[in-house]
Enquirer: 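Let me begin by handing over the structure; questions about it come next.
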Number of protein chains: 2
Amino acid sequence: MSLEEDIKQTRFTSEYQKLVLNVFYTANWLGLQHNQLMREYGLTGPQFNILRILRGQKGKPMSVNALIERMLDKSSNASRLVDKLEEKRYVLRKVCPNDRRQVEVTITQGGLDILSKLDKPVTDLEENIKGINIEEAQLMNALLEKMRKSNNTQ
Amino acid sequence: MSLEEDIKQTRFTSEYQKLVLNVFYTANWLGLQHNQLMREYGLTGPQFNILRILRGQKGKPMSVNALIERMLDKSSNASRLVDKLEEKRYVLRKVCPNDRRQVEVTITQGGLDILSKLDKPVTDLEENIKGINIEEAQLMNALLEKMRKSNNTQ
DNA sequence: CTACATTAAATGTATCTACATACATTTGCC
DNA sequence: GGCAAATGTATGTAGATACATTTAATGTAG
């Protein structure tokens with residue numbers, strides 16, 4: 001983990017600059033662990049994310065647009081992610097009868113099955129962040145949200 | 001910013017799960033702003049990152065391997081990033097005479113110039129996180145580092 | 001010195017990201 | 001109804017990510 005030392009060594013012009021790097025680096029560190037896990041189950045991170053959102057719908061279909069709104073990466077291409085999941089028979093696509101522009105995406109039983117297999121290892125991974133305790137996690141959550149709210153991102 | 005509300009609404013199984021999502025989301029939010037800025041200068045985030053690392057070398061060349069070690073995204077492809085930067089004449093590649101497997105990468109004056117143009121806007125962007133103060137930023141930095149240190153990532 | 005392992009970088013491949021564009025459908029206005 | 005604007009999705013493209021494999025140079029054991 002050499003950027004770990006790098007972050008320490010570097011003379012940062014400000015605490016904010018360090019924070020930006022730290023957030024990038026931590027997300028990357030978490031992402032690698034997630035990807036590695038997903039990979040074992042033939043999924044990718046973004047694909048897993050979509051399946052999890054769909055499961056949250058409890059059977060109700062969701063339009064692609066609604067999916068995009070809930071995705072972590074909004075600019076990523078939901079259409080093509082749904083393509084991949086459809087190939088694997090984890091989701092179904094159906095043209096919405098009320099508005100034929102829309103496509104209703106639903107998770108299949110196969111999709112639910114793979115998710116349930118992933119639940120335990122994913123939770124383990126997340127709970128594995130044991131260097132910080134619950135109070136610290138709460139504090140970080142509050143600070144991360146405060147951080148995003150603050151500025152004038154048009 | 002609909003995931004913002006999503007994060008709030010969702011019943012998280014744990015504070016840790018929320019933290020993971022929050023870190024992903026914040027990194028993404030920061031990354032979009034960075035990318036937008038880099039784009040105006042014909043660079044991408046990773047390319048900028050490499051240039052900044054090379055500038056830190058103060059003229060000393062660096063092998064591709066050394067670059068990878070210092071990159072935020074280690075698994076990204078340093079060779080090809082250096083390709084792009086070489087095309088733009090921002091770096092030079094030279095086979096190392098002592099070990100001809102290695103390639104010495106150096107930043108050019110053009111590379112230094114584009115970086116100096118970017119310094120101000122990048123700093124502005126980072127300093128723009130004004131919803132949290134310096135003490136909070138320090139706290140977050142400490143917690144993020146603690147978070148990464150804690151667990152048994154093999 | 002040959003044989004084999006190791007190392008450094010490049011290349012290959014699949015997927016994802018970011019953004020532009022195309023196309024069909026729907027909506028709103030006249 | 002007819003037409004322009006908006007909407008929803010798909011497609012195109014360039015570049016990045018993640019990981020496996022290849023190529024070339026070096027190191028090392030026998």
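Note that the structure is a prediction, hence the values are computed from the model and not measured. A, B, ... follow the sequence lines: proteins, then strands. Residue 1 opens every chain.
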Enquirer: Across the strands shown, which category fits Ser79(B) at heavy-atom distances under 4.0 angstrom: base, sugar-phosphate, nothing?
Expert: base
Enquirer: Establish, from distance only, whether the side-chain atoms of Asn22(B) and Arg148(A) form a donor-acceptor pair under 3.5 Å.
Expert: yes
Enquirer: Provide, to the nearest angstrom, the distance between the CG atom belonging to Asn28(B) and the P atom belonging to dT17(C).
Expert: 9 Å
Enquirer: If each of Gln47(A) and Val103(B) is mapped to the nucleotide of DNA chain C with the nearest heavy atom, which maps nearer the 5' terminus, i.e. the 5' end?
Expert: Val103(B)
Enquirer: Would you kindly say whether Ser14(A) and Glu127(B) are connected by a side-chain donor-acceptor distance under 3.5 Å?
Expert: yes
Enquirer: Nearest 0.5 Å please: distance from the OG1 atom of Thr123(B) over to the CG atom of Asn128(B).
Expert: 12.0 Å
Enquirer: I'd like to know if Lys120(B) pairs up with Asp124(B) as an ion pair, taking the criterion as any Lys NZ or Arg NE/NH1/NH2 lying under 4.0 Å from an Asp or Glu carboxylate oxygen.
Expert: yes
Enquirer: Could you tell me the separation between the CG atom of Asn49(B) and the P atom of dA16(D), rounded to a whole number of Å?
Expert: 12 Å
Enquirer: Starting from P on dA20(C), measure out to CG on Asn35(B) and report it in whole angstrom.
Expert: 13 Å
Enquirer: NE2 of His34(A) versus P of dA18(D): gap in Å, rounded?
Expert: 14 Å
Enquirer: Using whole Å, report how far CD of Gln33(B) lies from C1' of dC19(C).
Expert: 18 Å
Enquirer: According to salt bridge (charged side-chain N to carboxylate O under 4.0 Å, His left out), does anything in residues 49-59 of chain B pair up with another residue at least two apart or in another chain? List the pairs.
Expert: Arg55(B)-Asp119(B)
Enquirer: Using a heavy-atom cut-off of 4.0 Å across all strands, would you classify Glu104(B) as base, sugar-phosphate, or nothing?
Expert: nothing
Enquirer: Going by heavy atoms closer than 4.0 Å, what residues in residues 81-89 of chain B are next to DNA chain D?
Expert: Leu81(B), Lys84(B)
Enquirer: Any side-chain donor paired with an acceptor under 3.5 Å for Lys18(B) and Gln138(A)?
Expert: no
Enquirer: Would you indicate which nucleotide in dC19(C), dG15(D), dG8(D) comes nearest to any side-chain atom of Thr44(B)?
Expert: dG15(D)
Enquirer: In whole angstrom, what separates Leu67(B)'s CG from dA9(C)'s P?
Expert: 9 Å
Enquirer: Would Phe24(B) and His34(A) count as a close aromatic pair, with their ring centres under 6.0 Å?
Expert: yes
Enquirer: Just so I know, are the side chains of Ile107(A) and Leu85(A) near enough to count as touching, which here means a heavy-atom distance under 4.5 Å?
Expert: no
Enquirer: Pull out every protein N or O sitting under 3.5 Å from an N or O of nucleotides 23-28 of chain D, one pair per line with the distance.
Expert:
{"residue": "dT26(D)", "atom": "OP1", "partner": "Arg100(B)", "partner atom": "N", "Å": "3.1"}

Enquirer: Regarding Glu145(B) and Asn141(B), do their side chains bring together a donor and an acceptor under 3.5 Å, going by distance alone?
Expert: no
Enquirer: Select base, sugar-phosphate, or nothing to describe what Arg39(B) touches, counting heavy atoms under 4.0 Å on all strands.
Expert: sugar-phosphate
Enquirer: Are side-chain heavy atoms of Pro97(A) and Glu104(A) found at a separation under 4.5 Å?
Expert: yes
Enquirer: How close or far is atom P of dA9(C) from atom CE of Met71(B), stated in whole angstroms?
Expert: 13 Å
Enquirer: Take atom CG of Leu32(A) and atom P of dT15(C), then tell me their distance rounded to the nearest Å.
Expert: 19 Å
Enquirer: Please tell me which of the listed nucleotides, dA8(C), dG12(D), dA16(D), lies nearest to the side chain of Asn65(B)?
Expert: dA8(C)
Enquirer: With nearest nucleotide decided by heavy atoms, which residue, Arg80(B) or Ser63(B), maps closer to the 5′ end of DNA chain C?
Expert: Ser63(B)
